[in-house]
Amino acid sequence: MRLRTAVASIGIATIAVGSLTVPAQAANWIEIGGYKTKYACVDAGQQYVREGFNEYWCKDLGSGSNPRWELLIR
């Protein structure tokens with residue numbers, strides 16, 4: 001009985017520690033703003049990289065007739 005409890009506790013602790021690392025990685029991205037075209041988003045992202053940031057990401061948030069691109073940097 002004690003062995004089962006110890007194994008279950010170790011399993012729960014492992015899952016808890018593993019789940020804590022995911023939000024920290026996602027928090028590295030900084031949201032800058034939205035752009036109407038992908039070209040404008042990429043242009044702004046490249047400027048941030050030239051100014052010292054490591055990388056940028058243009059995330060597609062629009063649909064069909066309403067395109068929108070969100071710029072994230074880190």
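In plain terms, the two heavy atoms of Ile32 and Ile73 that are nearest each other are CD1-CD1, 3.5 Å. In terms of heavy-atom proximity, Trp69 sits nearest to Thr37 at CD1-C, 3.4 Å. In plain terms, the two heavy atoms of Tyr35 and Ala44 that are nearest each other are OH-CB, 3.3 Å.
Arg74 CZ to Asn54 CG: the interatomic distance, rounded to the nearest 0.5 Å, is 8.0 Å. Taking SG of Cys41 as the reference point, atom CG of Leu71 lies at 4.5 Å (rounded to 0.5 Å). The NZ atom of Lys36 sits 8.5 Å away from atom CG of Asn66, with the distance rounded to the nearest 0.5 Å. Annotation: the span from Glu51 atom CD to Gln47 atom CD amounts to 4.5 Å, rounded to 0.5 Å.
In summary, the aromatic rings of Tyr48 and Tyr56 are positioned with their centroids too far apart to meet the 6.0 Å limit.
Under the side chain to side chain donor-acceptor pair (under 3.5 Å) criterion, Glu70 pairs with Arg68, sequence neighbours left out. Partners of Glu31 under the side chain to side chain donor-acceptor pair (under 3.5 Å) rule, at least two apart in sequence or in another chain, do not exist in this structure.
In the hydrophobic cluster analysis, where Ile, Leu, Val, Met, Phe, Trp and Tyr join through side-chain heavy atoms closer than 4.5 angstrom, Leu61 is grouped apart from Leu72. Taken together through direct or relayed side-chain contacts under 4.5 Å among Ile, Leu, Val, Met, Phe, Trp and Tyr, Phe53 and Val42 form part of one hydrophobic cluster.
Between Glu55 and Trp29 there is a side-chain heavy-atom pair separated by less than 4.5 Å.
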